[in-house]
Enquirer: 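Sharing a structure below in structure tokens format, with a few things to ask.
Order of appearance sets the numbers: ligands from 1, and atoms from 1 within every ligand. For clarity, every value in this text was computed on a predicted model and none was experimentally measured.
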Amino acid sequence: MSAETVFAAELPWPDYDAKVRDGSVPILVPIGSMEQHGCHMPMHVDVLLPVEFARRVADVVGALVAPPFTYGYKSHQKSGGGNHLPGTTSLDGATLVSALRDVIKEFARHGVRKICLVNGHFENSWFIVEGIDLALRELRWGGIDDMKIVVLSYWDFVDKATIARLYPNGFAGWDIEHGGVLETSLMLALYPHLVNLNRAVDHLPASFPPYDVYPPKPEWTPKSGTLSSPKEASKEKGEILLDVCVSGIVDALKTEF
Ligand SMILES: [Zn+2]
């Protein structure tokens with residue numbers, strides 16, 4: 001193994017300890033899900049993408065990447081097709097919050113004082129915030145008050161100019177991007193062997209009424225499981241997205257850390 005890995009868990013403990021003990025090296029924690037992503041992509045898209053963003057960012061800013069969270073909060077029908085779909089395997093909110101709180105406190109015990117949670121699954125968002133809040137509160141009770149945590153979702157770094165380039169026919173919004181142009185393009189740029197565009201289903205963007213129903217009505221979700229068509233996805237669009245998001249996240253971490 002090369003000495004230059006950015007993956008924390010690949011290090012023997014004395015090397016990890018030497019890097020993190022003084023608190024100067026940030027830890028990036030990718031957070032994903034196991035969730036269906038249409039007929040043309042695997043179910044760990046939301047893990048693969050934040051891990052790769054974290055790896056690229058860590059290389060530039062001198063951070064370490066923690067093992068990812070590979071399960072996330074339940075898929076919502078209007079942003080991920082719904083938690084009723086086969087394959088999608090989710091945690092209860094309280095489980096995710098507790099696991100995040102525990103991991104943050106463990107890194108704090110090692111000496112880490114800068115953490116960035118790199119989210120790849122929209123539905124995790126508020127549970128991540130709760131995990132951070134509980135961890136910081138308990139750390140304060142324990143006398144640790146110099147911990148700083150950044151939380152971000154990579155798609156928030158895609159600016160308006162990039163959206164106009166990627167969606168020349170109009171952008172329907174991040175909420176119905178699930179399995180669409182954004183994720184499929186990134187997967188084509190990074191893991192083309194895991195994408196089968198021949199199986200991608202071209203359909204109109206999903207449209208939902210302004211309310212939710214539980215249990216969900218399966219007929220609201222397009223049969224493929226995607227919420228917008230991936231047909232316009234391309235490797236080139238994926239490379240544009242990679243550049244924009246990596247440089248945006250690097251800038252954010254240089255500002256905050
Ligand atoms: Zn996804």
Side-chain angles (χ1 to χ4, degrees), residues 28-56 68-91 93 96 117-128 151-158 162-163 166-167 171-197 199-201 203 205-206 208 216 220-235 237-238 240-242 244-246 248-249:
L28 314 184
V29 186
I31 307 175
S33 66
M34 178 170 170
E35 185 186 36
Q36 69 77 25
H37 272 72
C39 309
H40 66 298
M41 290 202 291
M43 293 190 286
H44 62 341
V45 167
D46 291 354
V47 178
L48 293 177
L49 296 180
V51 167
E52 180 59 16
F53 279 117
R55 188 188 69 79
R56 290 178 182 226
F69 279 75
T70 54
Y71 298 94
Y73 182 66
K74 293 158 196 161
S75 181
H76 186 246
Q77 190 161 28
K78 292 179 181 172
S79 53
N83 214 61
H84 58 293
L85 291 166
T88 296
T89 309
S90 306
L91 301 175
L96 178 59
L117 303 181
V118 183
N119 184 30
H121 175 67
F122 175 75
E123 287 85 339
N124 288 338
S125 303
W126 289 111
F127 299 94
I128 295 175
V151 53
L152 57 89
S153 297
Y154 67 81
W155 54 84
D156 285 333
F157 291 84
V158 183
T162 308
I163 289 175
L166 298 185
Y167 302 90
F171 178 57
W174 293 132
D175 43 345
I176 60 160
E177 248 301 315
H178 181 71
V181 169
L182 172 94
E183 288 177 318
T184 305
S185 296
L186 285 166
M187 289 295 289
L188 285 170
L190 294 169
Y191 305 102
H193 60 290
L194 295 178
V195 183
N196 184 349
L197 274 187
R199 294 185 66 188
V201 178
H203 61 79
F208 299 103
W220 282 8
T221 302
K223 282 230 161 8
S224 61
T226 52
L227 296 184
S228 56
S229 174
K231 280 287 181 191
E232 298 297 320
S234 70
K235 176 176 185 281
K237 289 180 180 176
I240 292 169
L241 285 163
L242 276 172
V244 168
C245 297
V246 169
I249 298 171

Enquirer: Could you verify whether a donor N or O on one side chain and an acceptor N or O on the other, from Q36 and T88, lie under 3.5 Å apart?
Expert: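 No, no side-chain donor-acceptor contact under 3.5 Å.
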Enquirer: When you compare the side chains of D175 and H76, does any donor N or O come within less than 3.5 Å of an acceptor on the partner?
Expert: no
Enquirer: Determine how many protein N/O/S atoms sit closer than 2.8 Å to the Zn ion (ligand 1), leaving waters out since they are not shown.
Expert: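 Protein heteroatoms (N, O, S) closer than 2.8 Å to the Zn ion (ligand 1) number 3.
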Enquirer: By the definition ring-ring contact (aromatic ring centres under 6.0 Å, His included), identify the one residue from Y71, F69, Y73 that meets it with F127.
Expert: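 So, applying the ring-ring contact (aromatic ring centres under 6.0 Å, His included) to F127 and each of Y71, F69, Y73, only Y73 qualifies.
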Enquirer: What's the verdict on side chain to side chain contact (heavy atoms under 4.5 Å, CB included) for K237 and E232, showing C-alpha distance, side-chain angles and the deciding distance?
Expert: CA-CA 9 Å; K237 289 180 180 176; E232 298 297 320; 3.8 Å; yes
Enquirer: Measure the acute angle between the ring planes of Y167 and W174, then classify it against the limits of 30° and 60° as parallel, tilted or perpendicular.
Expert: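 The rings of Y167 and W174 stand perpendicular, inter-plane angle above 60°.
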Enquirer: Could you tell me if T70 and H44 have a donor-acceptor pair between their side chains, going purely by distance under 3.5 Å?
Expert: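 There is no such pair (donor and acceptor under 3.5 Å, judged by atom type) between the side chains of H44 and T70.
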